[in-house]
Amino acid sequence: MIKNLVIVESPAKAKTIEKFLGEDFVVKSSYGHIRDLSDNGLGIDLNNNFEPDYQISADKEKVVAELKKLSKDAQEVWLATDEDREGEAISWHLAKALGLNIDSTKRIVFHEITKPAILKAIQNPRKIDQNLVNAQQARRVLDRLVGFELSPVLWKKVKPSLSAGRVQSVAVKLIVEREREINSFNTASSFKVTADFHPIDEKTNQIQAAVLKAELPERFKTQEQAEEFLKSCIDSNFKILDIEVKPGYKSPSAPFTTSTLQQEASRKLGYSVTRTMQVAQKLYEAGHITYMRTDSVNLSETAVEDIKKQVISHYGPNYSNPKKYANKNESAQEAHEAIRPTYISIPSAGEDDSEKRLYDLIWKRTIASQMSNAILEKTNVKIEISKNKNHQFQAFGEVLKFDGFLKVYLESKDDETEDEDVKGMLPPLSVGQNLDKMDIQAIERFSRPPARYSEAALVKKLEELGIGRPSTYAPTITTVQKRQYVEKSELEGHERKFQALTLKKNNQLDVQTQTEITGKDKGKLVPTNIGMVVNDFLDANFSQIMDYNFTASVEKQFDNIADGTQVWKEMIGSFYLPFHQTVDDTLKNSERAKGERLLGVDPKSGDNIYAKMGRYGAMIQIGELTDDGPKPKYAKIRSGQFLETITLEDALELFKLPKELGEMEDQKILVNIGRFGPYVQVGKEFFSLPKGEDPYELKLDRALEIILEKREDKLSKLIQDLEFDGKPLQILKGRFGPYISWNKLNVTLPKDVDPNTISLEECVKLIDAKKANPTVKKGKFGKAAPKTDDAAAPKKAAPKKTTTKKATTKASPKPKKK
DNA sequence: CAGTGAGCGAGCTTCCGCTTGACTT
C-alpha cells in the first residue's frame, strides 16, 4: 500500500524528486509519451471529425501495466509531467490509460528540480488543462496528416519509401536553397591594402622599433587602381591625422539551451549534434547537469545564488553580476531550466574525456553568464597620405581594461573571419606624429559565397524559424541524411591564383602571382540529387507546407486552442480540406518528377543528352526511348556531380566506361562501375577497386596489382576447396570464424569441428540443416532483407497489424524450392 | 552481387515529440 504515487517523464528526474519528497511518496517515470496515434493506417477517423485513434505504444505496455498496478494501490496519484503542451498531453494520456478520474486527479508542475520548487508544487495542485491537451492533439494530428498524406504522393510521383513532413521537408529546403545560392554566386575580386609603419619620435626624430599596422578602409576593384594607389605612396609622407578613443564592452552569453549547446560543442569540441546529446544524457543521468533538452535560458534562484557565491570566492566581487536572461525565442515553452551544472561548486565531472570536456564547457558558460561585462578601450587612428588626400589609412586598437567574464569563457563564432584584423595594443601615438613607411601591400581578395550549413548551424536556423523542438533537432538531422536527401560534404577544393602587389620600403613595386586553396569543405550539409528533386516537387505543389512561416502560423492557432479561443477539430478541418484537395489534384495532374534537364547534343550521334533521375539514381541518358528505335545509352552520375550543374563535357566523360585496359591470361581486363561501385573484371572474376581509387584514371599496371592482391586475399581465406552438386564448395575463414560457402549459402562451422579436416559429407549435412531451419532475421534495422531465402522461412508470427485476410493469403506458402 | 533504366501488380514505405535502453554486424 502506498500513499502517494507521483509520475514524471524521466527516470533520472524520478530518482531526484523521490529524495526530496520523503517516504510517503513513490516517484515513477512514464518514459515520455505512452500512447500515440495508431500506426495501422492514418490513425485518424476522417469520417468522424478527425477523432484520433490512440493506442498504447508497443514499447510502453510494460511501463503502463506497472503504473496501472501502482496507481490502483495508491491513495493519491500526482501527474507531474513537464509543464508544456506535450507534458500536459502525457498527463492526459496517463489518466486515460490508467483509468484515473480526469477531473479529480492532481496535476502538478515545476520547471526546476529543486526541493523548494517541488514542495511548492505539491502545495498547489491543479486539474489537467484540457485546452492545452487539445492544442497538443491538434499538433499531433496535423503532423500525422501532413506526413502520411505527403509521403505517399512522393512514392507515386518520385520514388518509393521517401518521406515528407512539416519539419524535415523545410530542413531540406534550407540546405537546397543554400546550395543554389552558392552555385549562382558570382565571385568578385578586389584589392585590399595593408601597410606597416614605424612611428618617428617627435623630439629626437628617431625611427622607433614599434610597428603600427594599418589598412585602407576602401578596396580597389582592379589591379591598375591598386597599382596607381601604391605609386602615389612612393613620395608621400605619412602622419597621424586623428586619434579617437572610445570605451566599449562585451557581455557574456546566456546559459546553454539545447540548441546553443549543440552549436558551441560543435565549434569548440567538434561534436556532432547527436554526440553532444549522447554525452549530455550521460552527464544528466549521473546527476552532473540539469536536463539537456530545453529551450529555456532561465536559471533557478538557488542556482543563481550558488553561482554568485562561486564567482565571488574565486574571482572577487568585481566579477560578480547576477542576472536573469530573457528568452529571445517566441516559440520557447520553457518547461525546464537552462542546461547548467547541478552543483556549480564541482568544476570537473564526467566518466571519460568527452564527458569531461562537455561538462567543462557547460560549467564555464554557466559561470560566465553571471559575471561582469568585459570593459574595452577601442582606438581608431587615421593616417594622412601626403600625396593622396582621397584616401587615409586606418589603424584599430583594442585594449582590455577589465576582463570580467572573459576570464572564463568566450563564445565562438561560426564564420572563421578570413583576414581577421589583428586588434591588439597600439604603440603610443600622438596627433601630428610622422610615420616611417615599411612595406605596403595590395592583395587580391575574393568575395565568398554563403557558407554551407553545419549540423549545428542548421539547428540554429530551425530554432530561429521556430521549427522543431529540442528533443527533435538531432533526430531530424539524422532523418534527412537517412532518407538520403542530404549528405556531409567532402570537397577537396581547388587552387586559385591571386595577385599580390608589394611596395617595398625602397619604393620598388613587386608584382607576384600566388596560389591559394579554395572551395574546401568537409562535414557540411549538402543536398543530394534526390533531395533537390523532392524539394522542387514539394515546393511546386505544396507551397503552404514548404513556407518557412507555416509552422509559426499553425503554432499561433495551437496557442489559440490552448487559450480556449479556438476549437481544435475546427482548426484541423479548415487546414485539412484544402490541403487534401491539393494532394488529390497533385496525384491526378502532376507529372512524375525526374529533375530532367537537356544538356545538349552528343557530338558523335547527334542525339540529345539528358540528365535525370532514374529508378536507380541520377543518370545521364543519350537518345530518346522510342517504340522502335535503338535503346538510349545510360550512365550513372558520379558522387559529387549534380543533375542541375553537370556539364555536357562531364556527362560525355561518363560514357568512357566500360574500358578495356589490356589482357591477362588470354582474357580482357575491363574496368567499369557496377551497382556496388567501380570494379575490374577478368573473365568471370570481379575485383572491387579500393576506396578512393578513380576507375577513369586506372592504368593497366595498377589494375594488375589490384587483381593479384585480391586473388591472394581470397586464397589466404581458403581452407578447403571442394565440390558438391556440380558447384564449388569452399571452407573459408570469415569474420565470425570458419564457414562453408556453397551456392550463395553460408554456414558457420560449429566450434568443435576442425575446418581443415571436415569431410564433404559433413558439410552437406550442415548445409541441409541450415536449409531446413534458416536463422530468422529479425530486428527493426533489417532493411536489407536477404533475397535468397528459398527455403520456406518460418517467419515469426507477423508482429502487429496483419489483418486476418492478409494472414490467410500469406499462410499458403509459395514453394519455390529447387 | 557486377552490362538494371519496360510495365504490371502486390505489398511495403511515411509524420513529430516525449523518453531510454536493447539491439545489431
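Computed from a predicted model, the values in this text were never measured in an experiment. Lettering of chains follows the sequences in order, A, B, ..., and the numbering in each one begins at 1.
Atom CZ of A:Arg140 and atom P of B:dT19 are 15 Å apart (whole Å). If you measure from atom NZ of A:Lys156 to atom C1' of B:dC8, you get 16 Å, rounded to the nearest angstrom. Residue A:Ile545 contributes atom CD1, which lies 11 Å from atom P of B:dC16 at whole-angstrom precision. The CH2-P distance, from A:Trp155 to B:dA10, rounds to 16 Å in whole Å. Per the geometry, CD belonging to A:Glu149 stands 16 Å off C1' belonging to B:dT13, to the nearest Å. In this structure, NZ of A:Lys633 is placed 13 Å from P of B:dT4, rounded to the nearest angstrom. Remark: P of B:dG5 and CG of A:Leu625 are 10 Å apart, rounded to the nearest angstrom.
OP1 or OP2 of B:dG5 has at least one side-chain nitrogen or oxygen of A:Lys631 nearer than 4.0 Å. For the pair A:Ser151 and B:dC15, the criterion of a side-chain N or O lying under 4.0 Å from OP1 or OP2 is not met. Taking only side-chain nitrogens and oxygens, A:Tyr679 never comes nearer than 4.0 Å to OP1 or OP2 of B:dC1. For B:dG17, the OP1/OP2 oxygens have a side-chain nitrogen or oxygen of A:Arg166 closer than 4.0 Å. Here A:Arg293 reaches the OP1 or OP2 of B:dT19: one of its side-chain N or O atoms lies under 4.0 Å away. For A:Ser10 and B:dT20, the shortest distance from a side-chain N or O to OP1 or OP2 is below 4.0 Å. A sub-4.0 Å separation between OP1 or OP2 of B:dT19 and a side-chain N or O of A:Tyr291 is present. Contact annotation: A:Arg592 does not reach the phosphate of B:dG5 (side-chain N/O to OP1 or OP2, under 4.0 Å). Taking only side-chain nitrogens and oxygens, A:Thr472 comes nearer than 4.0 Å to OP1 or OP2 of B:dG17. Taking side-chain N and O atoms only, A:Arg483 has a distance below 4.0 Å to OP1 or OP2 of B:dC15. Within the structure, a side-chain polar atom (N or O) of A:Gln168 is placed less than 4.0 Å from OP1 or OP2 of B:dC16.
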Evaluate A:Tyr485 against A:Leu162 for side chain to side chain contact (heavy atoms under 4.5 Å, CB included), listing each step before the verdict.
CA-CA 9 Å; A:Tyr485 292 149; A:Leu162 296 174; 3.4 Å; yes
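For A:Arg139 against B:dC16, a side-chain-to-base donor-acceptor contact under 3.5 Å is present.
Within 4.0 Å (heavy atoms only), A:Gly87 reaches no atom of the nucleic acid at all. Residue-level contact check: A:Gly32 touches the bases, meaning some heavy atom is under 4.0 Å from a base atom. If you check every strand for non-hydrogen atoms under 4.0 Å, A:Gly43 touches nothing.
No donor-acceptor pair closer than 3.5 Å links the side chain of A:Glu51 to the backbone N or O of A:Asp45.
Looking at A:Arg140 and A:Asp36, a side-chain N of the basic residue comes within less than 4.0 Å of a carboxylate O on the acidic one, giving a salt bridge. Salt bridge status for A:Lys656 with A:Glu653: present, with a side-chain N to carboxylate O gap under 4.0 Å. A salt bridge is absent between A:Arg293 and A:Asp82; no separation between the charged side-chain nitrogens and carboxylate oxygens falls under 4.0 Å.
Annotation: of the two residues near DNA chain B, A:Ala164 and A:Tyr284, the 5′-most nearest-nucleotide partner is A:Ala164.
Figure legend: A:Lys60 and A:Tyr31 shown without cation-pi pairing, the cationic atom not lying both under 6.0 angstrom from the six-membered ring centre and within 45 degrees of its axis.
Proximity note for A:Pro152 (side chain, C-beta onward) versus B:dG5, B:dT14, B:dT20: the nearest is B:dT14.
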